[in-house]
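Quantities reported herein were computed from a predicted structural model and do not represent experimental measurements. Protein chains get the first letters and strands the later ones, always in sequence-line order, with residue 1 at the start of each.
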Amino acid sequence: MTKTESAPPTNFIRQIIADDLKTNKHDGRVRTRFPPEPNGYLHIGHAKSICLNFGIAEENRDGLCNLRFDDTNPIKEDIEYVESIQADVKWLGFDWGDRLFYASDYFEQLYQYAVQLIKDGKAFVCSLSPDEIREYRGTLTEPGRESPYRTRSVEENLDLFERMRAGEFDDGAHVLRAKIDMTSPNVLMRDPTLFRIKKVPHHRTGDQWCIYPMYDFAHCLSDSIEGITHSICTLEFEINRQLYDWILDELPVDCHPQQIEFARLNLSYTVLSKRKLVELVNGGHVSGWNDPRMPTLSGLRRRGYTPESIRNFCERIGVAKRDSVVDIALLEYSVREDLNKRAPRVMGVLRPLRVVIENYPEDQVEALDALNNPEDDSMGWRKVPFSRVLYIEQDDFREDPPKKFFRLAPGREVRLRYAYYVTCVKVVKDEATGQVVELRCTYDPNTRGGSSPDGRKVKATLHWVSAAHSITAEARLYDHLFVKENPDEEKDVDFKTYLSPNSLETLPFLVEPSLANAEPGSKYQFERIGYFCVDTVDSSEDALVFNRTVTLRDTWARIQKAQQKKHQK
RNA sequence: UGGGGCGUCGUCAAGCGGUAAGACACAGGAUUUUGGUUCCUGCAUUCGGAGGUUCGAAUCCUCCCGCCCCAGCCA
């Protein structure tokens, strides 16, 4: 064996780290962190970042990745989110050990660092109003002007800052600002705000604080305090790097991590911005953060996605700096690949067509053997009841079969999976509508199990369910949330106008009796239909609910599409 | 029109001066008791464009074009 497990594909970040290791830049340490703000649920885009940060730590000897909540804005944050985020990271399969941190753990240190900056004449208390600050900031093409409060003495600044902390002032009365350069072409460097007053209780520190650090101040210092070596973030923070470095350069810290930016994930037919996801939840367009149509980790989990499939997906999409939109087909491919190996096969009928086997004894029932997974014999066999009255899928019968339609048609013989060869001898229609309501068939008793001693072949194998033995469950058929590949392509059109009306279709589902005790969360392949999992929220023992994770690849559907196109020409 | 980034197949993405990996998608074909899986085969004479350097350029230089980000007391 020359190859064991293939190493994760390289990317520019792994290269930087490899180079740093070579030059012993951080004494050979590799320390990353995943720093979510607890103001929403994690989505597949976060998974990319989690896999990157935790993945890099796992790949390197003594590599570690911290989980740190960037909880510097109590107005938006909530304990509900810190809990769901931890659950999601764990579910994905990553472990932060004892390194669960919060920026709020560092509030006192951060305050002291700010005091240091004031003492060094590098920060001042500014009493301009928010509007005035904006005015003074200038524009992208014009330099800003210095605040009239910029020249306050160190003593006055110290006093004011202390009183800000003590709660003597109202929200917005003062802020602490860094003294950098109001003419900088980088607007972020024009005396950025470091602390602001918010008389709001914090989900962890309660009413201990009424001033809270801004992201730019808290993030770099939190990284430094934790001894992070590589601070990996998304592209929009590229311009923040200058400030990140400024703060760490001006303060007496002994760890100055390197910020590295990569492109965030975009996925076709969905949206991945917290703001938009919140909008879908609050607007009632989905049932919640864990609606199986949501690209959130909790939604994907409920939909039936496995952590492995998501990690494989994240590995396949790569990491780079260019904006991109990954085809959702790649995500779907990743679940199918995983579920194909592990999901037991079962049978169920979504749109039933009644079939009566005329030469099968009225009261006879046979328990036929069915293989649980052709990909894995160790998963064993099960019994499936067969009787005179069955249901097959409406799609599996055509009175006038078109070219290349191999399934059942008048006079045609097909195989019922693990059962018998049957031949359609009569089509029963509703007199009023002309609709096919029942098929009369005959079976060949010599084909029990699905093969014929005379070696004759059939072109199709159909799934089926015994009418008297099937269980009626509910199927929830999910499809893309949006009809447009890139729902937020046009700036002047609300992304919600592209919400798909067909993202959820609910149908009764006739399933084989072996499913009677199916556990919530368990995953199955309904043969010839797709992968499903038992819903963890709405399913109960006497009312099973199956969520369709993803369909099987459907070559016949593609042939049909091609034929339709031909006809249109 | 300030600054910071980015442009390689339909979609991601390797490539780091020696003559365009891989994956998904797509199209054929083989095997198949799932039109599933698996397995073959095909799929960028060309790297946003134009010049230049070089024996040799996607890789180096120059100019141009296009896209993204920044003017929260959000992160």
Between atom [atom1] in [X] and atom [atom2] in [N], what is the gap in whole Å?
| X | N | atom1 | atom2 | answer |
| --- | --- | --- | --- | --- |
| A/E332 | B/C12 | CD | C1' | 15 Å |
| A/R190 | B/G3 | CZ | P | 12 Å |
| A/K321 | B/C6 | NZ | C1' | 8 Å |
| A/K404 | B/G35 | NZ | C1' | 11 Å |
| A/L330 | B/C12 | CG | P | 11 Å |
| A/F313 | B/A13 | CZ | C1' | 13 Å |
| A/I392 | B/U34 | CD1 | P | 17 Å |
| A/F12 | B/U8 | CZ | C1' | 17 Å |

* Could you check A/G318 against A/Q242 and say which one's nearest nucleotide on RNA chain B is further toward the 5' end? =>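 It is A/Q242, whose closest nucleotide lies nearer the 5' terminus.
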For the pair [X] and [Y], find out whether any cationic side-chain nitrogen is under 4.0 Å from an anionic carboxylate oxygen.
| X | Y | result |
| --- | --- | --- |
| A/E37 | A/K76 | no |
| A/E279 | A/R275 | yes |
| A/R33 | A/E226 | no |
| A/D444 | A/R456 | yes |
| A/E490 | A/K484 | yes |

* Asked: Quick one: which of B/C12, B/G35, B/A14 gets closest to the side chain of A/T461?
  ->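 Nearest to the side-chain atoms of A/T461, counting from C-beta on, is B/G35.
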Could you tell me whether [X] contacts a base, only the sugar-phosphate backbone, or nothing, with contacts defined as non-hydrogen atoms closer than 4.0 Å?
| X | value |
| --- | --- |
| A/R415 | base |
| A/S324 | sugar-phosphate |
| A/Y421 | nothing |
| A/Y418 | base |
| A/E261 | nothing |
| A/I75 | nothing |
| A/V458 | nothing |

Pick out the pairs of N or O atoms, protein on one side and nucleotides 37-40 of chain B on the other, that lie under 3.5 Å.
unit_1 : atom_1 : unit_2 : atom_2 : d
B/U37  : OP2    : A/R553 : NH1    : 3.2
B/U37  : O2'    : A/N340 : ND2    : 3.1
B/U37  : O2'    : A/E375 : OE1    : 3.2
B/U37  : O2'    : A/E375 : OE2    : 3.1

Is [N] paired to anything, Watson-Crick or G-U wobble with both distances less than 3.5 Å, and if yes, which nucleotide?
| N | answer |
| --- | --- |
| B/C6 | B/G66 |
| B/C73 | none |
| B/U53 | none |
| B/C26 | B/G42 |
| B/U32 | none |

Rounded distance in Å between the [atom1] positions of [N] and [M]:
| N | M | atom1 | result |
| --- | --- | --- | --- |
| B/G36 | B/A50 | P | 44 Å |
| B/A25 | B/U19 | C1' | 28 Å |
| B/C69 | B/C61 | P | 27 Å |
| B/C6 | B/C73 | P | 28 Å |
| B/U59 | B/U53 | C1' | 13 Å |
| B/C9 | B/U37 | C1' | 27 Å |
| B/A58 | B/U45 | P | 13 Å |
| B/A57 | B/U8 | C1' | 14 Å |

Please list, chain by chain and in numerical order, all residues satisfying ring-ring contact (aromatic ring centres under 6.0 Å, His included) with [X], sequence neighbours excluded.
| X | answer |
| --- | --- |
| A/Y244 | none |
| A/Y420 | A/F386, A/Y443 |
| A/F397 | none |
| A/F34 | none |

* Can you run down the ring pair (Phe, Tyr, Trp, His ring centres under 6.0 Å) pairs that involve residues 174-193 of chain A, sequence neighbours left out, and say none if there aren't any? => A/F169-A/H174
* Where protein sits on nucleotides 69-75 of chain B, one letter per nucleotide: B base, S sugar-phosphate only, - none, heavy atoms under 4.0 Å -> SBBSBBB
* Structure fact -> Contacts of A/D323 meeting side chain to side chain contact (heavy atoms under 4.5 Å, CB included) (sequence neighbours excluded), chain-then-number -> A/L235
* To do: Identify, with sequence neighbours excluded, every residue that meets side chain to side chain contact (heavy atoms under 4.5 Å, CB included) alongside A/R528.
  => A/D396, A/R407, A/L462, A/H463
* All side chain to side chain donor-acceptor pair (under 3.5 Å) counterparts of A/R204, not counting sequence neighbours ->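 Here the qualifying residues are A/S104, A/D105.
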* How would you list, by chain and number, every residue that makes a side chain to side chain donor-acceptor pair (under 3.5 Å) with A/Q560, sequence neighbours excluded? -> A/W556
* Answer yes or no: does a side-chain N or O of A/R322 lie under 4.0 Å from OP1 or OP2 of B/C67? => no
* Within less than 4.0 Å of OP1 or OP2 of B/G4, is there a side-chain N or O belonging to A/Q259? -> no
* Using a 90° cut-off around 0 for syn, call B/G66 syn or anti. =>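 Base orientation relative to the sugar is anti.
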* **Single hit among A/R137, A/R150, A/K179 for salt bridge (Lys or Arg N to Asp or Glu O under 4.0 Å) with A/D191** =>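 Of A/R137, A/R150, A/K179, salt bridge (Lys or Arg N to Asp or Glu O under 4.0 Å) with A/D191 is met by A/R150 alone.
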Under 3.5 Å between N/O atoms: give me all the protein pairs with nucleotides 27-30 of chain B, atom names plus distance.
unit_1 : atom_1 : unit_2 : atom_2 : d
B/A27  : OP2    : A/R558 : NH1    : 3.3

